[in-house]
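Presented below is the structure to which this report refers.
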Amino acid sequence: MFHAPAAPRPRKRSKPGEDSVSRREEATFQDVRIFLVERKMGRSRRSFLTQLARSKGFVVEDILSDAVTHVVSEDSQSSSLWPWLKSRSLSDLSTVNVLDISWFTDSMREGRPVPVETKHLIQDILPEAPKAAPVNKVSQYACQRRTTIENNNRIFTDAFEVLAENYEFNEIEGRCLAFRRAASVLKSLPWAVRSVGATQDLPCLGEHTKAVMKEILQYGRSFEVEKILSDERCQTLKLFTSVFGVGPKTAEKWYRRGLRSFSDVLAQPDIHLNRMQQSGFLHYGDISRAVSKAEARAVGNIIDEAVHVITPNAILALTGGFRRGKDFGHDVDYVVTTTELGKEENLLISIIESLKKQGLLLFSDYQASTFDLSKLPSHRFEAMDHFAKCFLILRLEGSRVEGGLQRAQGDGRGWRAVRVDLVSPPADRFAFTMLGWTGSRMFERDLRRFARLERRMLLDNHALFDKTKVLFILGCTKIFTHKGSHYTIFTLVLRV
DNA sequence: AAAATA
DNA sequence: ATTTTGGG
DNA sequence: TGAAAC
């Protein structure tokens, strides 16, 4: 074995008559300290070489310590040398020369330590580096995946989303997340999965998810998914939560009362819908219908006109799914602010007032800013950012939409209702707000997880902190002028 | 449910 | 085997 | 005071 003596032996006193050798031993090559590895060399050869080297003025250490600069082994092919060295708890192995015997014999011949060359080095066998073909591995973090609008694996992702939603209704968060992650990974693939074997190197796919995929590949459907889809509770909760203002708690409450349809709910005299839910039912048809890109732009024009009456220095930026390139969405998201710092505080109030005057405001829930830069990062648990924001339902006239409205069959009206969200950060928080409102749910989640786990940083919609709570300020709009992928955006943020 | 950590 | 999973 | 809004 690689056995090193337990204790350093005291250096042998040089005999009389060897004075010249002795002087050289004390003075020469002090900065080169050799350790000879006994394995393959044998004890007797090791001690012979040790004596030889010392007689030529080399320093040879008996034990492997941090003082050693040159490790010499006869066993250059050995795959166990490096693991053994690593197990010796040296403070910095990277500064030690690990050499084969040729360096030693060259040095003996020259009578001095020869410079270390590549041919002398015993290289660490790196973890199978070129063997496993450098197939760019799919990251487990959604923020590191380049995901296009096309979904080549919808048959699987639809199934996973049904399972995830079911776990969500049953408040099993972990499994819900696992299926959402699996769906997200498959959405990022530029190819369609045709066999379970093809998912070999993909993250976030395990036993259960692969079993579901196998079923779908084999029979075209998953029986587990079908069971959920035919489940009355699941169907009812899905129906109820599809109403704006009705979340899982309210849906569950109604379900437990035995209610199964909207007319059941509306017929209850003791159910008092809040303002949000009233609007949700009133505009149900419109706001559950997809919003087109043209409609999103038309909404932008309306906001733009309203905001430019208030300030000439307004900044208006489309975010959400449309910014990611989607052709349809369930709502329209804009970030709106002004270059005059502090003036953004009342911007939304003014916009809402203007919309109301024009008769375009069907619903408004305004939330004033609670943002305080000096109190970051936030110490209370909060799902949302602290910027001023509003959740609106707007009346969108067909005449304002290029190419016309998305309308239901037999709809004779010249308008439709659209869900619109506006956020208004101070201008110096614009970039973080864009980052926070542009990503998909999974992207945003993994952005935060990645920052914390891989970079030891803390990211939210306001700022990026390192663990010592030093604030990173980001240079605003520039990175968003060219449409970058998610990955590009994040890389830039972390490098600022 | 899957991955990371203990 | 236990903990984490977005946001202390 | 939860629940919903992202």
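Protein chains get the first letters and strands the later ones, always in sequence-line order, with residue 1 at the start of each.
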From CG of A:L177 across to P of B:dA2 the rounded distance in Å is 12 Å
Base, sugar-phosphate, or nothing: which does A:E173 touch, judged by heavy atoms less than 4.0 Å apart? nothing
Starting at CD1 of A:I172 and ending at P of B:dA2, how long is that distance when rounded to a whole Å? 14 Å
Please report the distance, rounded to the nearest Å, between CZ in A:R445 and P in D:dC6. 15 Å
Nearest-neighbour nucleotide for the A:R452 side chain, C:dG6, B:dA3, C:dT5 considered: C:dT5
In dot-bracket form, 5' to 3', how is DNA chain B paired? Count Watson-Crick and G-U wobble pairs only if both distances fall under 3.5 Å, and write | where the partner sits on another strand. |||||.
Rounded to whole angstrom, note down the C1' distance from B:dA3 over to C:dG8. 23 Å
Do NZ/NE/NH1/NH2 and the carboxylate oxygens of A:E226 and A:R221 come within less than 4.0 Å? yes
C1'-based separation of D:dC6 from C:dG7 [nearest Å]: 12 Å
Give the intermediate values and the outcome of side chain to side chain donor-acceptor pair (under 3.5 Å) for residues A:E173 and A:Y167. CA-CA 7 Å; A:E173 272 189 287; A:Y167 284 119; over 6 Å; no
Roughly how many Å is it from CG in A:L453 to C1' in B:dA2, rounded to a whole number? 14 Å
Kindly indicate whether a cation-pi arrangement holds for A:R413 with A:W415, taking the cut-offs as under 6.0 Å to the six-membered ring centre and within 45° of the axis. yes
Integer-rounded Å distance: B:dA4 P and A:D446 CG: 12 Å
Is the number of heavy atoms from other residues, nucleotides or ligands within 6.0 Å of NZ (A:K293) greater than 12? yes
Pair A:Y284 + A:F244: ring centers closer than 6.0 Å: no
Looking for any heavy atom pair under 4.0 Å, which part of the strands does A:G206 touch: base, sugar-phosphate only, or nothing? sugar-phosphate
Which nucleotide in the list B:dA4, C:dG6, B:dA2 gets nearest to the side chain of A:A178? B:dA2
Using 4.0 Å as the upper bound for N to carboxylate O, is an ion pair formed by A:E295 and A:R407? no
All N/O contacts under 3.5 Å from nucleotides 3-5 of chain D to the protein, with atom names and distances to one decimal?
unit_1	atom_1	unit_2	atom_2	d
D:dA4	OP1	A:G247	N	2.5
D:dA4	OP1	A:G247	O	3.0
D:dA4	OP1	A:T250	N	3.1
D:dA4	OP1	A:T250	OG1	2.8
D:dA4	O5'	A:G247	N	3.2
D:dA5	OP1	A:G245	N	3.1
D:dA5	O3'	A:R419	NH2	3.2

Using the rule side-chain hydrogen bond (donor to acceptor under 3.5 Å, both in side chains), only one of A:Q140, A:R445, A:R145 pairs with A:S184; which is it? A:R145
Hey, is A:K389 close enough to A:D365 for a salt bridge, meaning N to O under 4.0 Å? no
Check this for me: A:E402, atom CD, are more than 12 non-hydrogen atoms of other residues, nucleotides or ligands nearer than 6.0 Å? no
Take atom CD of A:E454 and atom P of C:dT4, then tell me their distance rounded to the nearest Å. 17 Å
Length of the CD-C1' vector between A:E444 and C:dG7, whole Å: 11 Å
Rounded C1' spacing from B:dA6 to C:dT4 in Å: 13 Å
Atom CG of A:N461 to atom P of C:dG8: distance rounded to whole Å? 13 Å
Quick one: is A:Q140 getting a side-chain N or O under 4.0 Å of the C:dT5 phosphate, OP1 or OP2? no
A:E161: which of A:R180, A:K187, A:R441 passes salt bridge (Lys or Arg N to Asp or Glu O under 4.0 Å): A:K187
